Amino acid sequence: MGRLITLDEFIIKRQKDFPYASGELTALLRDIGLAAKLINREVNRAGLVNIIGLADTQNVSGDEVQKLDLYANERMIDFLGNSGECCGIASEELESFVSLPDIESKQAKYVVVIDPLDGSSNIDVNVSVGTIFGIYRRISPTGTPVTLEDFLQPGNKLVAAGYVTYGTSTILVYTTGNGVNGFTLDPSVGEFFLSHRNIRIPNKAKYYSVNQGYYLKFDLPMRRYIDHCNALNLKLRYIGTMVSDIHRILFQGGVFLYPNTTDYPSGKLRLLYECNPMAFIVEQCGGKATTSTGERILDIPVHALHQRSSIVCGSPFMVDEIKSFLELYQEEA
Ligand code: P6P
């Protein structure tokens with residue numbers, strides 16, 4: 001077995017891949033990794049420490065906010081603020097973006113979008129949850145206050161994206177547009193070690209992932225595709241945490257669907273800090289990511305921080321097959 005490589009070592013070695021390489025991304029990813037270690041500790045202790053259960057607030061999308069959501073949000077903001085490379089953060093847990101003051105006379109060039117604890121409704125039943133992040137280069141001039149436009153960029157402008165899945169092990173997966181690598185946390189030494197080099201998604205598989213309980217709320221092409229999956233006896237795997245469902249698909253193959261429904265005609269998941277970062281990662285693994293009406297996720301214009309979108313992503317053969325169902329049944333819809 002080769003020598004273990006830590007996340008920090010890997011980032012520094014790959015710094016040349018990052019077009020603005022001057023250690024800026026290294027600092028950002030290092031600090032996200034640090035925040036993830038603290039979030040991991042609290043997620044693992046949640047059953048013991050009285051921080052389980054609903055906080056007395058709701059986030060901007062009306063979801064009940066779990067106390068761990070607040071903790072994760074605060075840690076990400078604390079550590080990203082320390083990096084000196086981030087001038088603003090948009091978060092699922094915050095109605096508007098947060099401006100971070102320049103420190104040590106650095107003029108930060110990046111903004112970060114986060115879902116600090118995706119799938120938080122699963123915390124109380126010990127099902128895996130995750131953190132999602134995306135990194136954009138700011139549009140407004142450095143040294144000036146960050147603006148809303150710095151965040152309202154399409155996914156194709158992301159310079160880096162990643163997630164942390166807090167499951168049977170804690171794994172940080174990220175891309176800077178040059179492939180995708182995964183790092184597993186060894187809690188005994190508090191280090192993320194390279195564990196999944198150059199992740200490539202299988203072209204097709206016998207798995208699909210959708211909340212089939214909403215079948216009657218999907219439009220006709222999606223219902224017909226689900227019928228097709230059932231006719232092929234594909235295996236339904238659905239955790240209810242987007243990070244976990246997509247993480248599984250990166251390795252086993254398959255397709256994750258959260259289509260438009262009658263309750264969510266524009267889709268339930270958020271474009272800026274859920275769909276775009278995950279779509280960037282899926283595409284960098286050789287997969288595809290579209291809406292349930294066939295538009296490429298990364299090309300969708302972003303008009304609002306909490307804008308929703310549908311998503312169909314995973315193995316390229318299967319995403320293309322879904323597109324053929326759209327063409328076949330769209331006019332009947
Ligand atoms: P449903 C978690 O709340 C989340 O935002 C995603 O992580 C997950 O894929 C989806 O919602 C689950 O939604 O409607 O199936 O419970």
Side-chain angles (χ1 to χ4, degrees), residues 36 39 43 46 52-55 57-70 72-73 76 90-94 113-134 161-167 171 173 207-219 222-223 226 229 236-250 252 254-282 287 289-292 297 305-314 319:
I39 296 167
V43 166
I52 270 188
L54 299 182
T57 63
Q58 286 191 342
N59 64 22
V60 288
S61 304
D63 297 340
E64 289 295 336
V65 177
Q66 303 259 359
K67 292 177 182 174
L68 267 178
D69 275 350
L70 298 175
N73 193 54
M76 289 294 283
S91 168
E92 180 187 28
E93 300 309 329
L94 300 172
V113 297
I114 58 173
D115 182 356
L117 209 62
D118 174 57
S120 53
S121 56
N122 281 324
I123 293 167
D124 286 350
V125 291
N126 202 34
V127 170
S128 61
V129 293
T131 294
I132 306 173
F133 65 90
Y163 64 81
V164 184
T165 174
Y166 309 99
I171 301 175
V173 173
Y207 295 99
Y208 72 109
S209 183
V210 67
N211 185 334
Q212 196 138 336
Y214 300 151
Y215 177 85
L216 295 177
K217 298 182 176 187
F218 296 146
D219 59 24
M222 288 298 114
R223 295 202 307 274
I226 291 170
C229 292
L236 174 57
R237 292 288 185 274
Y238 191 74
I239 297 169
T241 297
M242 181 191 202
V243 168
S244 309
D245 281 317
I246 293 177
H247 181 74
R248 182 194 57 247
I249 286 170
L250 296 188
Q252 291 183 342
V255 63
F256 173 79
L257 308 96
Y258 206 117
N260 297 334
T261 69
T262 46
D263 296 339
Y264 291 105
S266 303
K268 174 192 176 188
L269 301 179
R270 288 77 163 182
L271 177 60
L272 186 66
Y273 41 75
E274 289 178 325
C275 297
N276 271 335
M278 297 309 287
F280 188 22
I281 290 165
V282 168
T290 70
T291 63
S292 58
I297 291 283
L305 293 180
H306 303 290
Q307 179 176 333
R308 295 181 187 271
S309 174
S310 60
I311 185 167
V312 168
C313 69
V319 174

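Numbering starts at 1 and runs along the sequence shown. Just so you know, ligand 1 is whichever comes first in the structure, and atom 1 is the first atom listed for that ligand. None of the values given here were measured: they were computed from a predicted structure. Any value given below was found using the heavy atoms of this structure, including those in side chains, with hydrogens, waters and symmetry copies removed.
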Go through it in stages, so that I can follow the logic: the residues are Thr262 and Tyr214, the test is side chain to side chain donor-acceptor pair (under 3.5 Å), and I'd like the CA-CA distance, side-chain angles, deciding distance and then a yes or no. CA-CA 9 Å; Thr262 46; Tyr214 300 151; over 6 Å; no

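- One N or O on the side chain of Arg308 and one on the backbone of Lys268 form a donor-acceptor pair closer than 3.5 Å.
- Against a heavy-atom cut-off of under 4.0 Å, Gly240 is close to the following atoms of ligand 1: 2 (C), 7 (O), 8 (C), 12 (C).
- Using a 4.0 Å cut-off to heavy atoms of Tyr238, the atoms of ligand 1 that qualify are 1 (P), 12 (C), 13 (O), 15 (O).
- The shortest N/O to N/O separation between Tyr258 and ligand 1 falls below 3.5 Å.
- For atom 16 (O) of ligand 1, the candidate residues are Met242, Met278, Glu274, Lys268; the nearest heavy-atom contact is made by Lys268.
- A pairwise comparison of heavy atoms in Thr241 and Gly130 identifies CG2-N, 4.2 Å as the closest pair.
- Using a distance-only test at 3.5 Å, with no hydrogens or angles considered, a donor-acceptor pair links the side chain of Asp245 to the main chain of Gly240.
- Under the 3.5 Å distance criterion, the side-chain polar atoms of Arg248 are left unmatched by any main-chain donor or acceptor of Ser209.
- Note: Tyr238 and Phe256 have parallel aromatic rings, judged against thresholds of 30 and 60 degrees for the angle between ring planes.
- Residue contacts with ligand 1, taken as heavy atom pairs separated by less than 4.0 Å, involve Leu269 solely via side-chain atoms from C-beta onward.
- The distance from ligand 1 to the heavy atoms of Asn211 drops below 4.0 Å at these ligand atoms: 1 (P), 15 (O).
- Within a 6.0 Å radius of CG in Asn126, no more than 12 heavy atoms belonging to other residues, nucleotides or ligands are found.
- Taking any N or O of Thr241, backbone or side chain, none lies under 3.5 Å from an N or O belonging to ligand 1.
- For ligand 1, the polar-atom distance check finds an N/O of Tyr214 within less than 3.5 Å of one of the ligand's N/O atoms.
- Not a single N or O atom of Phe256, backbone or side chain, sits closer than 3.5 Å to an N or O atom of ligand 1.
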